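Shown next, in C-alpha cells, is the structure this report addresses.
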Protein chains: 2
Amino acid sequence: MHSFTEENYLKAIYKLTEQVGSEVSTNAIAEKMSTKAASVTDMLKKLSDKKLINYQKYQGVTLTSKGEKVALSVIRKHRLWEMFLLEKLDFKWDEVHDVAEQLEHINSDKLIEQIDKFLNYPKFDPHGDPIPDANGKIQAQKSKSIAHYIKNDVLVMTGVVDHTTAFLQYLDKTGIALGDEIKIKEVVFFDRSLQITINKKTTVFISNDVAKNILAIKK
Amino acid sequence: MHSFTEENYLKAIYKLTEQVGSEVSTNAIAEKMSTKAASVTDMLKKLSDKKLINYQKYQGVTLTSKGEKVALSVIRKHRLWEMFLLEKLDFKWDEVHDVAEQLEHINSDKLIEQIDKFLNYPKFDPHGDPIPDANGKIQAQKSKSIAHYIKNDVLVMTGVVDHTTAFLQYLDKTGIALGDEIKIKEVVFFDRSLQITINKKTTVFISNDVAKNILAIKK
DNA sequence: AAATAAATTTAGGCTAGTCTAAAAATAATT
DNA sequence: AATTATTTTTAGACTAGCCTAAATTTATTT
C-alpha cells in the first residue's frame, strides 16, 4: 500500500489539477502541503518512480490513471467519513475535517463499503461535492448553487455553502432537505429571488442570498 | 501526541505486564511487536525519556501512570471500534482485528466518545474484556467463563470465547445475549452441566462445554 | 567460583520524509 | 538579447524506526 504521506500528496495534486486544469507546479503543492519545495521535489521523484504521476523536471506534474485512482479512493473515503461523522455521530461542521483527514487513510475495503451502505450510498457530500464510487467513477457534474440555474430546471439538492446552524435551521423550517427535488418555477428579474417547488409539493420563495447557499445538480 | 509506534509499544507493554505481573523483558516485547531486541532497546530509551515507562538497563520495564493512561486509551479505542464493526457494520469476528488495529490510533476525543454513545456505553467487548472508561478506569473484575461460577451466583453475560457462527446461532436460539442477567440455579455434579435462569424469566440447561464458552462477571 | 549460555545493549548503517542553503533552469523585464 | 527575478532542483544533514553484528551484562551450569 501507499503511505499516508504519499496519499496526501496524490490528493493534493488531484485537487490542484481540478483548480488549475493543467500541470501542477512544485510550489503550489508545497503550499497546499504546508511543506518546502525541496521536500516536494523529493516526493515527486518517488511518486514518479512508482508511476503514480507524470513528472519531468521543471515541467510540473499530472496524475497517471493509477495515481488518480488512489487520489479518488482517498477522496471517497474522506467524504464518506465526513458524512458519517455529521449524520451518525452528531459532529458539527467545524469538527469533521481534522478527523476525516485521519480516517481517510484507514485501509479496509470492507470498512468503507459498509460505511457507504450504512449511509445509504450517498452521491454527494454535504458540501455538494460528489462522492466517487468504489471504482473511482465520479458523477460528471459538480453541484452549483441554485442561483446559477434558470426557470424550469429540475434539480436535486446536494448540499449547502453556509453551514451555520442558523442557516441549516432556516432550511429545515422552509422544508428543504438533502436529496429533495427542487424545480425552479420563476426567477424574479429585479432581485433574482426564486420561486421553487420542493418535491413537486410545496412551493416557496427564497431570496438570492439564500439561493447562493443551496447546492444542487440537474436531475 | 504520540506516534502510532509509540502507542503500539505501550499497548504491548501493558498487555505483557498483565500476563507476567511484573517487569516486562526486552525480548518479550520484541516478540510481541514482531521486531528485534535492538529496536526495542532504542524505543525503550525514547519512552523512558518521555516518562512513559520506568526503565533501567537490563532490568525490564513497567509503565508509569502516564504511560498506562496512554495504553488504556488505545485499548479503549480498540475495543470500542471492534464493537462498532461487529454490531453496526456487520463485520465477522475474523475481520475486525486488523481494522481495529488501525482505528485505535485515530486521535479525536469527540470521535471515540460519540462511538461509545452510539454503542450505548458498553462495559465489555464481546471477548468479555472490559472496556476502560474515558478516564482510563477499568472494571476491576475480568470476565470468566460461567463454568467457573457456583450455585446462586448472579451474573451479567459479557462475551464469548468461541466466535463461530454455529455457536453464536446456538446462543441466539437458546435466548442468551450480551448483557443478559444469568443466574446459576444448579450445577450438576457428575458432568458439570448447568441449569441457568436468563433475565429472571426462562430457565435452560447448558452443557459444561457450552458454559466454558460463555463469559460473564458477577453482578 | 569459573565458565558457558542467554539476554540485552551499543555501534554503525539503512529508508522515509523533512529541512536549509546553494546551484541550476525557466520566466520576466529591460 | 541580456540581465534580473522566480521557480525548481541538488547537496548535505536531521529524526524516527528499523536492521545486523559485536560487545556487554546477567543468569545458569559445572
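Order of the sequence lines fixes the chain letters, A, B, ..., with proteins taken first and strands second; residue numbering starts at 1 for each chain. Just so it is clear, the model here is predicted, and its values are computed rather than measured. Side chains included, hydrogens not; waters and symmetry mates left out as well; all remaining heavy atoms used.
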Which nucleotide wins on minimum distance to the side chain of [X], given the candidates [options]?
X	options	value
Thr41(B)	dC18(D), dT26(C), dT8(C)	dT8(C)
Tyr58(A)	dC19(D), dT8(C), dA25(C)	dA25(C)
Tyr9(A)	dT9(C), dT18(C), dT26(C)	dT18(C)
Thr5(B)	dT8(C), dC18(D), dT18(C)	dC18(D)
Asn27(B)	dT18(C), dT9(C), dA7(C)	dA7(C)
Lys45(B)	dT9(C), dC18(D), dT10(C)	dT10(C)
Thr35(B)	dC19(D), dT18(C), dT8(D)	dC19(D)
Ala38(A)	dA11(C), dC18(D), dC19(C)	dC19(C)

(message) When you measure from the side-chain N and O atoms of Lys36(A) to the phosphate of dT20(C), is any distance below 4.0 Å, counting only OP1 and OP2?
(response) yes
(message) Just N and O in the side chain of Lys57(B): are any of them under 4.0 Å from OP1 or OP2 of dT10(C)?
(response) yes
(message) Looking at Lys117(A), I'd like to know if its NZ atom is crowded, meaning that more than 12 non-hydrogen atoms belonging to other residues, nucleotides or ligands lie closer than 6.0 Å.
(response) no
(message) Is it true that, when you exclude Asp94(B) itself, more than 12 heavy atoms of the residues, nucleotides or ligands shown sit nearer than 6.0 Å to its CG?
(response) yes
(message) Tell me every residue that passes ring-ring contact (aromatic ring centres under 6.0 Å, His included) with His105(B), counting only those two or more places apart in sequence or in another chain.
(response) Phe4(B)
